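Contents: one structure, followed by commentary.
All figures in this text were calculated on a predicted structure; none of them were measured in a lab.
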Amino acid sequence: MADISTNEEGHTQQSTGTETLADSTEWKLVALRDADQLDTIGSTRAFIRFDAGNGRVGGNGGCNSFGGSLAVADNSIHIDRIFSTKMYCADVQRHEDQFFRLLEQADRWQLDESQLKLSKGDTVLLVFQKK
């Protein structure tokens, strides 16, 4: 099981050895899986923020704000019950819909320097860059 601790700023953080999924960090979406490939996302407002201590996740899908439930243990992750505002934004809607679907499919997380990857098994679904 991963350790949950409080950092100097008073934010809780999920830690597995040297890797940390910090609650206060905003992670900007930079790539998402579409069919059999990982597509790089250009300019987008999409981001995610974790609140492991309260079991919540939230952010923006590029058009709509969203939230959901979060469970993190070691390098496993489970995000479900995603809800969002319901605006339609033609230029980003396809990516936002895919983003929300992939969040609920992810079962692993991994930090590589300033990148966060959410995967299902060995397949990377989403890539985020620390804001």
Side-chain angles (χ1 to χ4, degrees):
M1 186 64 91
D3 296 325
I4 297 177
S5 59
T6 303
N7 66 16
E8 294 161 2
E9 292 85 33
H11 298 110
T12 58
Q13 56 190 22
Q14 188 84 21
S15 174
T16 58
T18 59
E19 297 181 308
T20 301
L21 194 58
D23 287 342
S24 62
T25 302
E26 280 190 13
W27 296 94
K28 180 182 177 183
L29 180 65
V30 294
L32 62 81
R33 179 147 310 274
D34 191 12
D36 291 334
Q37 64 184 25
L38 203 57
D39 287 343
T40 301
I41 305 297
S43 176
T44 182
R45 294 180 14 195
F47 74 89
I48 194 166
R49 183 181 299 134
F50 301 94
D51 182 355
N54 291 311
R56 308 292 309 152
V57 65
N60 189 291
C63 179
N64 290 286
S65 296
F66 74 92
S69 297
L70 170 71
V72 179
D74 296 322
N75 283 78
S76 69
I77 191 165
H78 181 76
I79 299 170
D80 67 353
R81 295 184 288 204
I82 291 180
F83 60 89
S84 71
T85 55
K86 298 295 181 190
M87 295 184 294
Y88 179 80
C89 301
D91 56 333
V92 297
Q93 199 63 54
R94 185 176 70 85
H95 280 144
E96 181 177 85
D97 292 345
Q98 183 70 352
F99 176 35
F100 293 160
R101 278 192 296 274
L102 292 173
L103 282 174
E104 291 189 322
Q105 292 177 25
D107 60 12
R108 291 185 31 206
W109 65 274
Q110 175 185 354
L111 285 176
D112 293 325
E113 297 180 25
S114 63
Q115 281 195 335
L116 168 66
K117 296 176 182 175
L118 298 184
S119 305
K120 181 171 181 72
D122 293 330
T123 303
V124 175
L125 302 177
L126 299 159
V127 179
F128 300 88
Q129 188 76 35
K130 189 182 255 187
K131 273 185 143 182

Do the non-hydrogen side-chain atoms of [X] and [Y] ever get within less than 4.5 Å of each other?
| X | Y | value |
| --- | --- | --- |
| Leu70 | Phe50 | yes |
| Ile77 | Asp107 | no |
| His78 | Asp80 | yes |
| Gln110 | Ser119 | no |
| Leu29 | Leu126 | yes |
| Trp27 | Gln129 | no |
| Ser69 | Arg56 | yes |
| Val92 | Arg45 | no |

Open item on the list: Please determine whether side chain to side chain donor-acceptor pair (under 3.5 Å) holds for the pair Asn64 and Ser84, giving the CA-CA distance in whole Å, both sets of side-chain angles, and the decisive distance to 0.1 Å.
Closed with: CA-CA 6 Å; Asn64 290 286; Ser84 71; 5.1 Å; no
Nearest 0.5 Å, what's the [atom1]-[atom2] distance between [X] and [Y]?
| X | Y | atom1 | atom2 | value |
| --- | --- | --- | --- | --- |
| Glu96 | Cys89 | CD | SG | 7.0 Å |
| Phe99 | Leu118 | CZ | CG | 8.5 Å |
| Gln115 | Lys130 | CD | NZ | 12.0 Å |
| Asn60 | Thr85 | CG | OG1 | 7.5 Å |
| Lys117 | Asp112 | NZ | CG | 4.5 Å |
| Leu116 | Lys28 | CG | NZ | 15.0 Å |

Can you tell me if [X] uses its side chain to pair, donor with acceptor, with the backbone of [Y] under 3.5 Å?
| X | Y | answer |
| --- | --- | --- |
| Arg81 | Gly68 | no |
| Gln105 | Lys120 | no |
| Asp51 | Val57 | no |

- [ ] Answer yes if Trp109 and Ile82 sit in the same cluster of Ile, Leu, Val, Met, Phe, Trp and Tyr residues linked by side chain heavy atoms under 4.5 Å apart, and no otherwise.
- [x] yes
TODO: Following the transitive rule for hydrophobic clusters with a side-chain heavy-atom cut-off under 4.5 Å over Ile, Leu, Val, Met, Phe, Trp and Tyr, establish whether Leu111 and Leu103 coincide in one cluster.
DONE: yes
Open item on the list: By the definition side chain to side chain donor-acceptor pair (under 3.5 Å), identify the one residue from Asp122, Asn75, Thr123 that meets it with Arg108.
Closed with: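 Passing option: Asp122.
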Open item on the list: Using the side-chain contact (heavy atoms from CB on, under 4.5 Å) definition, which of the options Leu32, Val127, Val30 pairs with Ile41?
Closed with: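 Single pass found, and it is Leu32.
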Task: Derivation of the salt bridge (charged side-chain N to carboxylate O under 4.0 Å, His left out) call for Arg33 and Asp39 - done: CA-CA 6 Å; Arg33 179 147 310 274; Asp39 287 343; over 6 Å; no
Open item on the list: I'd like to know whether Phe100 forms a ring-ring contact (aromatic ring centres under 6.0 Å, His included) with Phe66, so could you lay out the CA-CA distance, the side-chain angles of the two residues, the decisive distance to 0.1 Å, and finally the verdict.
Closed with: CA-CA 9 Å; Phe100 293 160; Phe66 74 92; 5.1 Å; yes
